[in-house]
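Structure first, then comments.
Since this is a predicted model, take the numbers as computed values, not measurements. Below, chains carry the letters A, B, ... as their sequence lines are ordered, and counting in each starts from 1.
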Amino acid sequence: MHPRRIAIVGGGPGGLFTAWLLERMASRRIELTIYEARDRVGGKVLTPSFDSAPVRYEAGAAEFYDYSAVDEDPLRHAVAMLGLPTQPLGGSAVLLDDTVVGTADDVHDRLGPAAHAALLAFDERAKAAQSPRRFYASGFDAVADGSSRRFDAVMDAVHPPAARRYLETMLKSDLATEPCRTSTEYGLQNYLMNDPAYMGLYCISGGNEQLVQALAARVAASVRLQEPVMAIGRTASGSLWVESRRGGQTLVEAFDTVIVALPMAHLPLVRFVGGRLEAALAAHCAHHAHPAHYLRVTILFDRPFWRRRVRDAFFMLDRFGGCCLYDESARDPDATHGVLGWLIAGTAALESCARSDDELVALALDSLPASLGDGRAAFREGRVHRWPGAVSALPGGERLAPVDQRHRPEPIDHPDLFLVGDYLFDSTLNGVLDSASHVAGWVAARLAEGPGGAA
Amino acid sequence: MIRRDAPMDGNGQPVRHDGSGQEVLGQVRVEEVPVDDAVLELVVLPAADADGTRDGEGQEAAALAWVAACRTDTPPVQVPLYGTTVIWSPSRAAILAPHAALVAVREALLDFARCDAALRRLEGEAGLLLGRLDEDAPCAVEFDERHIERQASLEERFRRSVRLRADLADLAPAVLRPPVHPPTLAAQLGERLRERTRLADRLEFVQAKADVLDRVYDLCAQRVGDFAIARRHLRLEWVIIVLLAAELVVLLVEVLAGLGTTPTP
């Protein structure tokens, strides 16, 4: 029996997870081909080093979510299976007007009793809306929670303004969009993720990119780097064809199954041929295209001068409309240098993408509160990574489609074409693994059904 | 609670800064606070300003030196958090915090110190009991006349292993309490102290030791009990044998007496 030929379009974490899971689940021989447009696999999981010193930093996904306190955590399990060491990340400080608001006591003392009461009321509302278990299962629900309100309606109800500003600054980098562009449920989830009863945060010791490297090392797939896929359609014989470009040449190959694991922003770059397929993909893109944006500025300093005031692994800053600062050097216990990573999100990130690297580094240095220390005096090197439209924010009132529908946009004429993506769940690495597991399980089940199953 | 004035360095002298004669900590009040079955020496130093931006590095270094001078097997744990610093070792601790936070931070530190001291006591107890395990383990398989003189000590260690298990069950909720959210300064300090000293892991390790002790002493208790029952049964059997023998003797006497008499026609 000849092996089933499966194409995976996209060598990011979604494509790699799908390949890894498929190879473990398939009950018959498969031949996997991964198409990747860039010269590396891993997509948004990227841990480069500075030029001036061999110091690593996270340029893309900064952390993983740990749900193991609530229930099974497939990503945690996968990381353990791959033998990767992890370390927890924590931080609760928000820097407002050069004041460190680290705890609820600080909210009371520095923003006032009314702001403290507003914070507690907001917290109570969020927890009443979602239990940890519901939070855990939220990505799988076909209907989010019936909430048709946008998150800004919730934020508008927060008084006094100091409390609202504190909450907005705290939430901005997680939301990656403005409150008016996302749902109440999604907004509250992004608040609840700060509560350890709902989830924790961790990173991989030695760099998050080890995850994708470990996956790439374990999959037996043929990985075709720098070979973008231009179009996908169905041949007259019934199989699917994939048109790609390699070194200026156009190549067309036939496959039994095609899994498209591209970020939402890249999906429209592929031409889907066939009336019904084209319409289904257009509808899929229209449903999910609610781009949220990130921009990362990472600066290497001679020393971690800010730790006299803030020692958290990350903290929030009221600049760039609210951004998160990661103390990247806190991940390395032997580090003598200091590395701060600005995670700028939402409209501020999109607008800043047009600026030059030097400008952005200068703006980042300027954004440091004076009381943290003199960043310019300790500056050594700055790096910028732009991620416009990298994730999807659930829009206000939008309801999630059923899980199967999200992953197979056109089940009638193209039951063998699947989609995988973080945007199909919660725009996180945990979400992309959920998506990959769903599709890998589905394809494996079709393979087990027999020759007709996957064709 | 005992209060006394004490010098603030490891040599029993007032702490001075760089030999300049400027007193950094000076004579401060040291509390002696009972924590479980130990005593914690505690100093509380109000920070100069509420934002934690005080120039208190000298004060902090002196406090660290004082805490480190107690020379326990555990090096001091230093937890700085948003302008508050807690330095702790099992027998000495120092708090440097803004005035407004002192009471809550002190309570959080003492709460942690009580947990740690209780766990240390239980770790010690588990260690002592495990030290006797090789000696006692054979009695979990067989207990007979040869071991009779050890019955009292076995019962004592069985009682202690049950007590250990009960104390662990009592301590677990305090060690494994969920994090507070929204976080307060005191709760965060407590959580970080528990994390740094690995209280949850240590509790798990002692529970694993208690599991082993449970098994062995539970079996020992069963064997001792079985032996006591067997001994009672043996006594009873002898009593029955003696009674049967006596009955037999009486019967024989009666029969013999019957043979010696002449029946009358």
Suppose we screen for ring-ring contact (aromatic ring centres under 6.0 Å, His included). Which residues come up paired with [X], at least two apart in sequence or across chains?
{"X": "A:Tyr65", "answer": "none"}
{"X": "B:His181", "answer": "A:Tyr191"}
{"X": "B:Tyr217", "answer": "none"}

**Asked** Under a 4.5 Å heavy-atom cut-off, does chain A meet the side chain of B:Ala186, its backbone, both or neither?
**Response**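 It is the backbone, since no side chain atom gets that close.
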**Message:** Heavy-atom cut-off 4.5 Å, strictly under: side chain, backbone, both or neither for B:Pro183 against chain A?
**Reply:**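 For B:Pro183, backbone and side chain are both near chain A.
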Tell me whether [X] at atom [atom1] has more than 12 heavy atoms from other residues, nucleotides or ligands lying less than 6.0 Å away.
{"X": "B:Asp134", "atom1": "CG", "value": "no"}
{"X": "B:Arg198", "atom1": "CZ", "value": "no"}
{"X": "A:Arg376", "atom1": "CZ", "value": "yes"}

**Message:** How close do B:Tyr82 and A:Ala93 get, counting heavy atoms only, and between which atoms?
**Reply:**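 In terms of heavy atoms, the two residues are closest at OH-N, 3.3 Å.
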**Message:** Out of A:Pro88, A:Ala104, A:Gly90, return the one with the most heavy atom pairs under 4.5 angstrom to chain B.
**Reply:**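 So the answer, after comparing A:Pro88, A:Ala104, A:Gly90, is A:Ala104.
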**Any residue of residues 112-127 of chain A which, by heavy atoms, sits under 4.5 Å from chain B** =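 The residues closer than 4.5 Å to chain B, in numerical order, are A:Leu119, A:Leu120, A:Asp123, A:Lys127.
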**Prompt:** Between atom CG of B:Leu185 and atom NE2 of A:His108, what is the distance when rounded to the nearest 0.5 Å?
**Reply:**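 Answer for the CG-NE2 pair, B:Leu185 versus A:His108, is 14.0 Å.
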**Asked** Relative to chain B, which segment of A:Asn194 carries a heavy atom at a distance below 4.5 Å: side chain, backbone, both, or neither?
**Response**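 It is both, since atoms from each part get that close.
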